[in-house]
Number of protein chains: 2
Amino acid sequence: MTTPIDPRDMAGRPCSLAAALQIIGDRWALPAIREVMLGNHRFRQIARNTGAPTDRLAARLKALVESGVLERRPLPDDARYSGYYLTAAGRDLGAITRELIGWGDRWVVTAPPARIRHRDHELVTHTVCETCGERVHGEDVHRDDLVPGWDQSGPVTNP
Amino acid sequence: MTTPIDPRDMAGRPCSLAAALQIIGDRWALPAIREVMLGNHRFRQIARNTGAPTDRLAARLKALVESGVLERRPLPDDARYSGYYLTAAGRDLGAITRELIGWGDRWVVTAPPARIRHRDHELVTHTVCETCGERVHGEDVHRDDLVPGWDQSGPVTNP
DNA sequence: CCGGCAGGGTTTGATTTCCAAACCACCCTG
DNA sequence: CAGGGTGGTTTGGAAATCAAACCCTGCCGG
């Protein structure tokens with residue numbers, strides 16, 4: 001895993017969103033992670049199922065391994081080769097990937113091309129705050145910037 | 001809002017993830033949406049706070065308006081100009097944006113540059129299935145592909 | 001009614017990234 | 001040792017991106 005990113009080095013607002021997008025904001029990163037989540041661990045499978053060109057995919061997979069999102073391990077069914085597997089950080093992306101699929105289903109596509117199932121029923125999610133146990137609504141969420149020189153509205157021009 | 005995307009037209013697996021990324025998978029889309037969520041509705045504010053070049057930002061904002069994620073409305077404080085506001089589809093991205101910030105905080109940055117607050121306490125989220133009310137774990141989630149010719153492992157080579 | 005300035009972008013020309021296709025090296029099988 | 005599967009790298013050209021400069025409009029002060 002490469003060294004962590006200091007969010008103050010980002011162009012624009014120091015925000016973990018920009019840092020996260022530096023790692024998974026690439027065009028092929030999330031499709032590749034989706035395939036690994038689905039159990040497709042081999043390079044050619046990921047290439048075929050995402051449609052990514054192999055050079056881009058090779059570069060992105062290498063970067064994802066270096067960032068600690070994926071790791072290479074020998075394949076259980078063929079020890080000659082190794083495949084790509086999720087790390088803890090990668091598994092932690094599962095919820096985001098599912099939410100993006102759900103958003104696409106709701107707002108983008110003509111008809112959902114897959115049914116996402118939770119055990120034996122359809123998965124429809126909402127988000128709950130662990131601290132208070134209540135469902136999260138956007139209007140209850142606020143941001144307190146911790147980096148001096150920035151607040152909600154932008155860089156603070158200090159005297 | 002442009003016409004919906006048919007997921008069967010995607011390169012690779014027909015999946016709403018790829019369709020969603022076509023709209024918000026651009027480098028500046030989510031940072032721009034974050035700024036609008038934070039209450040910064042003006043072009044220059046969004047440009048400064050994201051660090052995006054203005055030509056890219058102009059193109060992306062236009063695309064986001066066409067996709068129905070943002071809309072242009074007159075600014076309440078200066079009716080001469082109009083600003084960018086979230087539509088329902090845009091507000092529905094709030095949870096994803098927050099999750100990405102959380103993921104970046106946990107796995108990418110040296111130290112979180114902002115505190116995300118839910119009312120008066122720190123926001124720590126998990127996901128709950130609305131159908132059964134239980135917390136969602138990755139291993140309980142499955143995908144049933146509905147497009148003929150595809151399953152979990154890839155395109156089905158039919159006899 | 002002219003200069004200056006703020007807002008909201010376009011245009012420009014160099015740079016970077018991306019892509020598709022070809023290629024390479026390795027191993028196994030027949 | 002030919003052929004095929006695997007995991008990539010290389011190559012040349014097309015497309016997207018960038019920073020910086022520029023453009024247009026509508027005030028606002030003098």
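Labels below follow one simple rule: chain letters A, B, ... track the order of the sequence lines, proteins then strands, and each chain is numbered from 1. Below, all heavy atoms of this structure are taken into account, side chains as well, without hydrogens, waters or symmetry copies.
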Participant: Whole-Å distance between D:dT9 P and A:Leu57 CG?
Facilitator: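 A:Leu57 atom CG is separated from D:dT9 atom P by 11 Å.
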Participant: Quick one: is D:dA16 close enough that its OP1 or OP2 comes under 4.0 Å of any side-chain N or O from B:Arg27?
Facilitator: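 Negative; the distance criterion is not met.
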Participant: Any carboxylate oxygen within less than 4.0 angstrom of a Lys/Arg side-chain nitrogen, looking at A:Asp145 and A:Arg13?
Facilitator: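 So A:Asp145 pairs with A:Arg13 through a salt bridge.
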Participant: Expressed as a whole number of angstroms, how long is the span from A:Arg48:CZ to D:dG5:C1'?
Facilitator: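 Value for this atom pair: 13 Å.
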Participant: Calculate the interatomic distance between B:Arg56 atom CZ and C:dG9 atom P; express it in whole Å.
Facilitator: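 Rounded to whole Å, this separation is 14 Å.
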Participant: Rounded to the Å, how far apart are B:Asp26 CG and C:dC18 P?
Facilitator: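 Interatomic distance, CG of B:Asp26 to P of C:dC18: 12 Å.
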Participant: Please determine if a side-chain N or O atom of B:Lys62 lies less than 4.0 Å away from the OP1 or OP2 oxygen of C:dT10.
Facilitator: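 Answer is yes, contact under 4.0 Å.
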Participant: Between atom CG in B:Asp55 and atom C1' in C:dG8, what is the gap in whole Å?
Facilitator: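 Rounded to the whole Å, the gap is 13 Å.
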Participant: A:Arg42 side chain: which of D:dG7, D:dT9, C:dG7 is closest?
Facilitator: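 Of the candidates, D:dG7 comes closest.
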Participant: Specify the separation, in whole Å, of atom CG of B:Leu61 and atom P of C:dG9.
Facilitator: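 So the two atoms are 8 Å apart, to the nearest Å.
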Participant: Do B:Val36 and B:Trp28 share a hydrophobic cluster (ILVMFWY, side-chain heavy atoms under 4.5 Å, transitive)?
Facilitator: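 They do not share one cluster, since no chain of ILVMFWY contacts under 4.5 Å joins B:Val36 to B:Trp28.
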Participant: According to a strict under-4.0 Å criterion, is B:Trp28 in side-chain N/O contact with OP1 or OP2 of D:dC18?
Facilitator: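 The answer is yes; a side-chain N or O of B:Trp28 sits under 4.0 Å from OP1 or OP2.
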Participant: Taking CG from A:Asn40 and P from D:dG7, how many angstroms apart are they, rounded to a whole number?
Facilitator: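 Result: 12 Å.
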Participant: Quick one: pull up OG1 in B:Thr97 and CD in A:Glu99 and give me the separation to the nearest 0.5 Å.
Facilitator: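 The OG1 atom of B:Thr97 sits 10.0 Å away from the CD atom of A:Glu99.
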Participant: When the distance from CZ of A:Arg60 to C1' of C:dC18 is rounded to whole Å, what number comes out?
Facilitator: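 The distance from CZ of A:Arg60 to C1' of C:dC18 comes to 12 Å, rounded to the nearest Å.
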Participant: Is the shortest distance from a Lys or Arg side-chain nitrogen in B:Arg135 or A:Glu130 to a carboxylate oxygen in the other one below 4.0 Å?
Facilitator: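 Between A:Glu130 and B:Arg135 there is a salt bridge, with a charged N closer than 4.0 Å to a carboxylate O.
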Participant: Determine the contact category for A:Arg44: base if any of its heavy atoms lies under 4.0 Å from a base atom, sugar-phosphate if only primed atoms, P, OP1 or OP2 are that close, otherwise nothing.
Facilitator: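 Counting heavy atoms under 4.0 Å across all strands, the contact made by A:Arg44 includes a base.
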Participant: Working to the nearest 0.5 Å, report the span between CG of B:Asp6 and CG of B:Asp9.
Facilitator: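 Separation between the atoms: 4.5 Å.
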Participant: Could you measure the distance from the CZ atom of B:Arg72 to the OH atom of B:Tyr85? Nearest 0.5 Å is fine.
Facilitator: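 Taking CZ in B:Arg72 and OH in B:Tyr85, the distance rounds to 10.5 Å.
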Participant: Measuring from B:His41:NE2 to B:Leu86:CG, what's the distance to the nearest 0.5 Å?
Facilitator: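 Answer for the NE2-CG pair, B:His41 versus B:Leu86, is 8.0 Å.
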Participant: With nearest nucleotides of DNA chain C determined for B:Thr54 and A:Pro53 from heavy-atom distances, which residue corresponds to the more 5′ nucleotide?
Facilitator: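 Final value for this comparison: B:Thr54.
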Participant: Is there a residue in residues 69-84 of chain B whose heavy atoms reach under 4.0 Å of DNA chain C, and which residues are they?
Facilitator: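 Correct list: B:Arg72, B:Tyr81, B:Ser82, B:Tyr84.
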